[in-house]
Amino acid sequence: MTFDYDLFVIGGGSGGVRAARVASATGAKVGLAEEFRMGGTCVIRGCVPKKLMVFASHYSEAFADARAYGWDVEDGTFHWSRFQKKLHAELDRLEGIYRKLLDGSGVEIFDSRARLKDPHTVALADGKEVTAKHILVATGGRPVLPEIDGAELGITSNDIFNLAELPKNILIVGGGYIASEFACILNGLGVNVTQYYRGAQILRGFDDEARALVAEGMKAKGIDLHLGTNIVEMREATADDIKGVSEGVPMEDGKPAQLPQKGVGKGIWVKSTNGNEHVFDQVMFATGRAPNTNDMGLEEAGVEVGRRGEAVVDEYSQTAVPSIYAIGDVTNRVQLTPVAIREGMAFVETVFKGNPTPVDHELIPSAIFTQPELGTVGLSEEDAREQEPVEIYCTSFKPMNHAFADREDRVLMKLVVSKESRKVLGCHIVADQAGEMIQLAGIAVKMGATKEDFDRTVAVHPTMAEELVTMKEPMRTA
Ligand code: NDP
């Protein structure tokens, strides 16, 4: 049987684009359909614009730091519209690069929604149908709103980059990556941030000491973090709500500090689980993401869809239908761009290069771009001690740059070490640039470095990371 394509990719995000390009380079005839903008979540409404906002938000502290270092500078004013214009120009540029890369690799692009019709046929939105020997589903995920009355009044991370103006105050719901990162970003940009997290501590699953230090740092920088708290109901605020809120609200320049800002929505009234009622300019939900499998024709084509809506795949990213593969967030394995890219490359290696390559999901380093930043690889102390006896090497200190600037921010460097094999099972860093540090520490941990390997490495002085190779005695064993 002949097909129109050797490979048809649905979804032009990081994973789909990489797989299409690399497959095409093997001589395969490749088509790719994307319904929105090329680049997907990471480039258009995720990692890239988020990181640029992280950079922007850091400047609010830089003025005070500069003064502490002898500079004569005033606090500046942040202009959202100025930043936003540049941000979108940058995203347009990056999207252009993605398109050019696909074009240059000979991949045929369809700016269209696509769905599966059968194991070898994809139906495009204009009614056209194409056939392919292999189909790769790389449709990513989307933010989900919780089932709360009035939740539709809230925004998600998808909306944040397109706000006409920044709210004066915002309630962020959730305690994961996105909630915590945006709480810090918006706080840095001058927005009054309240964060509700339903659990006992934000960043569930990460090392307890590390997440506690991040949470403390966030609170010290002004984020009003409420743990064990959720929204019970919400609705558009009425004049009475706003009046009610203004009573008892601290006054600022003769006006209530917390009133919804004119022109930024009408204000949203929120009742929380602790019985409190508040009015916020905006409510942002960062309560998790769901795989994009709705109306994709997956089940009709025979692909198994899991409980969370994910395309179920094996270690080679193959679905129950031999011709259909899926990679990235749509499979709900590890929701990280570099993982989707790895899965795309492994797929091409397996299917187009005759070299079956399972995807390695072990010891993935990652960073949470909160302020302070958290970089992590391997097991948390809590998970490690469930598995085997461990030694914990840990130090927390005020780094010299912050001490000089009279800032309170503390740093944490932590190694979780196997008592028996001496291997470093986990490394956790809370510090400026922790993401950069953990990328490098991640190589050592992935290679199976022991504590003694770390010790044999000469310190780079004066740095924060030198503490990773100079911790002599375990703080505790567990
Ligand atoms: P996460 O799964 O990380 O966090 C979701 C949060 O929402 C959790 O705190 C969860 O609480 C809470 N939650 C879930 N349902 C409800 C509910 N009904 N009511 C109240 N709270 C609720 O998802 P995110 O949306 O933050 O991020 C999605 C993924 O994107 C991440 O897992 C990560 O892989 C990726 N990402 C990575 C980044 C990076 O590498 N820096 C940055 C941003 C995203 P609980 O803990 O109790 O379940």
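For ligands, and for the atoms within them, numbers begin at 1 and follow the listed sequence. Numbers here are sequence positions counted from 1. All heavy atoms count here, side chains included; hydrogens, waters and symmetry mates do not.
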Fill in: Contacting atoms of ligand 1, where contact means under 4.0 angstrom from a heavy atom of Tyr197
9 (O), 11 (O), 45 (P), 46 (O), 47 (O)
Worksheet, complete the sentence: Nearest non-hydrogen contact to atom 38 (C) of ligand 1 from the set Phe182, Tyr177, Phe369 belongs to Tyr177
Worksheet item: So, Glu35 and Ser112: side-chain donor and acceptor under 3.5 Å apart, yes or no?
Response: no
Discussion item. One residue to check: Ala367. Relative to ligand 1, which of side chain, backbone, both or neither has a non-hydrogen atom less than 4.0 Å away?
Written reply: backbone
Worksheet item: At under 4.0 Å between heavy atoms, which part of Lys50 makes contact with ligand 1: side chain, backbone, both or neither?
Response: side chain
Fill in: For ligand 1, the portion of Asn230 having any non-hydrogen atom under 4.0 Å away
side chain
Discussion item. Checking Trp269 against Glu277: is there a side-chain donor and acceptor pair closer than 3.5 Å?
Written reply: yes
Practice prompt. Would you please say whether a donor-acceptor pair under 3.5 Å links the side chains of Thr370 and Glu181?
Written response: no
Worksheet item: Is Ile202 touching ligand 1 with its side chain, its backbone, both, or neither, if touching means heavy atoms under 4.0 Å apart?
Response: neither
Worksheet entry | Test item: side-chain donor near acceptor, Tyr196 and Thr273, under 3.5 Å | no
Practice prompt. Could you tell me whether Lys51 sits above the aromatic face of Phe369, with NZ or CZ closer than 6.0 angstrom to the six-membered ring centre and within 45 degrees of the axis?
Written response: yes
Fill in: N or O contact, Gly175 vs ligand 1, cut-off under 3.5 Å
yes
Fill in: Subset of ligand 1 atoms that lie under 4.0 Å from at least one heavy atom of Leu336
34 (O), 37 (C), 40 (O)
Worksheet entry | Protein residue, atom and distance nearest to atom 4 (O) of ligand 1, heavy-atom basis | Gly176 CA, 3.4 Å
Worksheet item: Under a 4.0 Å N-O cut-off, is there an ion pair linking Arg235 with Asp241?
Response: yes
Practice prompt. With heavy atoms only and a cut-off of under 4.0 Å, state how Gln335 meets ligand 1: side chain, backbone, both or neither.
Written response: both
Practice prompt. Flag the pair His428 / Phe206 as yes when their ring centroid distance falls below 6.0 Å, and as no otherwise.
Written response: no
Worksheet, complete the sentence: The atoms of ligand 1 lying under 4.0 Å from a heavy atom of Pro146, numbered in the order shown, are 17 (C), 18 (N)
Discussion item. Check Glu310 with Arg333, please: is the shortest side-chain N to carboxylate O separation under 4.0 Å?
Written reply: no
Worksheet entry | Carboxylate-amine/guanidinium contact Asp208 Lys414, below 4.0 Å | no
Practice prompt. Could you pull out, from Arg204, Arg198, Glu373, Glu147, the option with a heavy atom nearest to atom 13 (N) of ligand 1?
Written response: Arg198
Worksheet, complete the sentence: dist Gln282:CD -> Leu163:CG (nearest 0.5 Å) comes out at 5.0 Å
Worksheet item: What residue and heavy atom of the protein are closest to atom 42 (C) of ligand 1, and at what distance?
Response: Glu181 OE1, 3.3 Å
Fill in: Residue-ligand contact Ser366/ligand 1, heavy atom below 4.0 Å
no
Worksheet item: Is it true that the side chains of Asp240 and Thr238 contain a donor and an acceptor less than 3.5 Å apart?
Response: no
Worksheet item: So, Phe110 versus Phe8, ring centres under 6.0 angstrom or not?
Response: yes
Discussion item. If I apply the N/O under 3.5 Å rule, does Ile178 come out as touching ligand 1?
Written reply: yes
Fill in: Short N or O distance, Arg289 and ligand 1, threshold 3.5 Å exclusive
no
Practice prompt. List every atom of ligand 1 that sits less than 4.0 Å from any heavy atom of Gly288, numbering the atoms from 1 in the order shown and giving each element.
Written response: 5 (C), 23 (O), 25 (O)
Discussion item. Give me the nearest non-hydrogen protein atom to atom 7 (O) of ligand 1 as residue plus atom name, then the distance to 0.1 Å.
Written reply: Thr287 CA, 3.1 Å
Item to complete: Would you mind listing which atoms of ligand 1 come within a distance below 4.0 Å of any non-hydrogen atom of Ala286?
Response: 5 (C), 6 (C), 7 (O)
